[in-house]
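Notes to accompany the following structure.
Hydrogens, waters and symmetry mates play no part in the numbers below; they use all other heavy atoms, side chains included. Numbers here simply count residues along the sequence, with the first being 1.
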Amino acid sequence: MSQVATAKRPIVWTIAGSDSGGGAGIQADLLTIQDLGGHGCSVITALTAQSSVAVDHVEPVSDIGFIAQLDTLWADLKPSAIKIGLLTGPAQATLLADWFAAGAAQGQGALPPIVLDPVLVASSGAMLNTVEASDQFDALLPYVDLITPNGDELAALTGVVIDSPGAVVQACEQLLARGARAVLAKGGHLFVQGEHRHGDKDAPRCVDLLYSAERKALFDGPRIATHNTHGSGCTLSSALATVLAQDYVLEDALCVVRAYLHNGLVASQQYGDGPGPLARTGWPTQLESFPRIPLPGSALRRAYGLDAPLLTDRDAYIPSGGTEQSNTAIPFADCDVAALGVYPVVDSVDWVEQLLTLGVKTLQLRIKDKSADEVEQDIARAIALGHAFEARLFINDYWQLAIKHGAYGVHLGQEDMAVADLAAIQRAGLKLGLSTHGYYEILRAHALQPSYIAMGHIFPTPTKAMPSAPQGLERLSKYVALVQPHRPAVAIGGIDIPRAFEVAKSGVGSIAVVRAVTQADDIGAALTALQQAFDSAPTLPTQTLSPECTAHA
Ligand SMILES: Cc1ncc(COP(=O)(O)OP(=O)(O)O)c(N)n1
Ligand SMILES: Cc1ncsc1CCOP(=O)(O)O
Ligand SMILES: [Mg+2]
């Protein structure tokens, strides 16, 4: 029997306490790491005699035992990411900081991403770390990429009374000033009012804030009404380390982790008399599990004082009837097909004309480095040709000219989204395609309800300098499963004819290409070969477009 080689799992360490009840600590971490595709290794900081209702005993391991675990693992099982959970006090935190410092001094190489969950209290309410020093983790901060306090921990670490979004930001600022690189202020316990059930449309929200000098992002979702929250902080931080170990950027990893927690809470069960643990539900795939990303200028972002409005005419664009949490923008016009197929992207009217003559039905005019005055004639002509051939011609960047001359649609990138008048594009009835480069941008784009979402770059490409890493086929499949039940998806970047077959297997309904067409010896043959990639790919259920594009719990 032939054996299929599976990719090796990245090694993830959890440095945390043992929870004899199995719901939190090392036990929860190892289950989570395994569930999300990592190989877990453990450095135990303390033994706890713990159930779902009580913590009866906490016994730190000896300093020698603690360091021995670190040294032994480092010698053979170097981590791709580390999660730090329960530390029994400043002495253990300093011991760990010194161990990181000694490694750096000995030139042992760069540390992997490190996530610190500053555990103080168990979900049973019992104190796990009874040291009251608010600066007990400070020695570790220079080594840690992200610290993940909940509201109580944020208050205990900073002395700030966390009673408003502004107070959350103030506390994060203080942690940054003390050396933290980034803070995830978890909103699970914050600003809860009244009793609500899951699915209740008025249920309070759970809003996490990612805060650093360069990153300010909100992750908003419904609060899941369950008491089974034992180990939720441990699960979040170990899940995050595991996703970071797979090279996702922080914002993308947080999207996955929020969805993982959502699913784990929804499917959780109670085992003892107290709060039960989260269920382990694997890599999340449904858009409904993922957080909403509040739009720039939304009331939620304004409440946290995060940005000056970025989108022009935003107030007209986000209807007053929509709640601030619902991110309700006005949907853009649907494309007239669920799958856009072979989608050449070219830089001149001549190319547009040639491709239309060859029967291309979806294409883009992408002119770079020219002013609007210089390109208007070309854009007007290309749009007229598009109409004459009844094709879907998208205009890249020049959205005003696209509106003026009545194009089928506009394609905008992440930077363009910030400055374009999206409301004007929507009012004019033009379709809108948006570029994205990972989970976070996909979710943010989804909130704008565009006509399609492009995902890339899938493979390395010399055609355009990309600020992000190639996404690859595995991620593409995940993004397609997320997006395509709601709106058409397009894959772009480095797609040539042989790769088109692999890309089509992801189920994506469209591939956008530059060189595969513009550098082909025989353009007609190249278009036929690209089309064959779709024709030969299995039709996946994700290619069916659902009637409404807005469902998002
Ligand atoms: C279909 C499609 N997807 C992505 C892009 C890239 O657009 P953008 O991010 O705006 O970058 P530029 O093309 O403007 O360099 C695209 N053009 N088409
Ligand atoms: C415009 C653009 N956006 C993301 S990748 C890309 C270029 C794709 O070109 P090619 O198909 O030649 O790799
Ligand atoms: Mg652009």
Side-chain angles (χ1 to χ4, degrees), residues 310-313 332 335 340 342-358 360-389 391-437 441 445 448 450-457 460-468 490 492-495 510-520 523 526-527:
L310 287 175
L311 302 171
T312 56
D313 200 12
F332 285 83
C335 294
L340 290 166
V342 178
Y343 180 175
V345 176
V346 292
D347 63 2
S348 72
V349 187
D350 290 348
W351 265 115
V352 168
E353 187 161 21
Q354 189 175 355
L355 293 174
L356 290 171
T357 312
L358 286 166
V360 169
K361 286 294 172 205
T362 304
L363 71 175
Q364 182 184 129
L365 179 61
R366 174 178 180 265
I367 303 176
K368 289 290 169 186
D369 307 325
K370 286 198 181 140
S371 70
D373 295 345
E374 290 173 282
V375 297
E376 178 155 9
Q377 255 195 347
D378 284 354
I379 286 179
R381 216 179 117 221
I383 292 172
L385 283 165
H387 288 309
F389 282 83
R392 300 168 204 101
L393 177 73
F394 288 87
I395 301 298
N396 191 319
D397 297 347
Y398 295 99
W399 55 271
Q400 292 103 328
L401 293 177
I403 294 175
K404 182 171 169 190
H405 297 283
Y408 179 82
V410 173
H411 183 93
L412 294 179
Q414 290 289 316
E415 307 77 29
D416 316 318
M417 270 161 67
V419 290
D421 186 343
L422 298 179
I425 299 169
Q426 191 276 334
R427 276 195 305 269
L430 269 60
K431 322 295 184 253
L432 176 69
L434 293 176
S435 297
T436 64
H437 311 88
E441 290 179 1
L448 286 166
S451 315
Y452 73 77
I453 292 183
M455 302 166 309
H457 54 311
T461 174
T463 306
K464 179 180 175 186
M466 299 298 297
S468 48
V490 177
I492 186 167
I495 303 174
S510 174
I511 46 178
V513 292
V514 178
R515 288 164 306 138
V517 165
T518 60
Q519 293 183 8
I523 296 156
L527 290 169

### Query
Which heavy-atom pair separates Ala516 from Ala520 by the least distance, and what is that distance?
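Scanning both residues completely, I find the closest heavy atoms to be O-CB, 3.6 Å.
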### Task
Over all heavy atoms of both residues, which pair between Gln364 and Asn396 is shortest? Give the atoms and the distance, please.
OE1-ND2, 2.8 Å
### Task
Under the side-chain contact (heavy atoms from CB on, under 4.5 Å) rule, what do Trp351 and Val517 come out as? Steps first, then yes or no, please.
CA-CA 10 Å; Trp351 265 115; Val517 165; 4.2 Å; yes
### Task
Given side-chain contact (heavy atoms from CB on, under 4.5 Å), test Tyr452 with His411 step by step and report yes or no.
CA-CA 9 Å; Tyr452 73 77; His411 183 93; 2.6 Å; yes
Contact between [X] and [Y] at the side-chain level, heavy atoms closer than 4.5 Å - yes or no?
X      : Y      : result
Glu376 : Tyr398 : no
Asp397 : Arg366 : no
Thr463 : Val345 : no
Val360 : Leu527 : yes
Ile367 : Glu374 : no

### Test side-chain contact (heavy atoms from CB on, under 4.5 Å) applied to Ile425 and Leu412, step by step
CA-CA 11 Å; Ile425 299 169; Leu412 294 179; 4.0 Å; yes
### Message
Can you tell me how the ring of Phe394 sits relative to the ring of Tyr343, calling it parallel under 30°, perpendicular over 60° and tilted otherwise?
### Response
tilted
### Query
Pick from Ile383, Val352, Asp347, Val375: which one makes a side-chain contact (heavy atoms from CB on, under 4.5 Å) with Leu365?
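Of Ile383, Val352, Asp347, Val375, side-chain contact (heavy atoms from CB on, under 4.5 Å) with Leu365 is met by Val352 alone.
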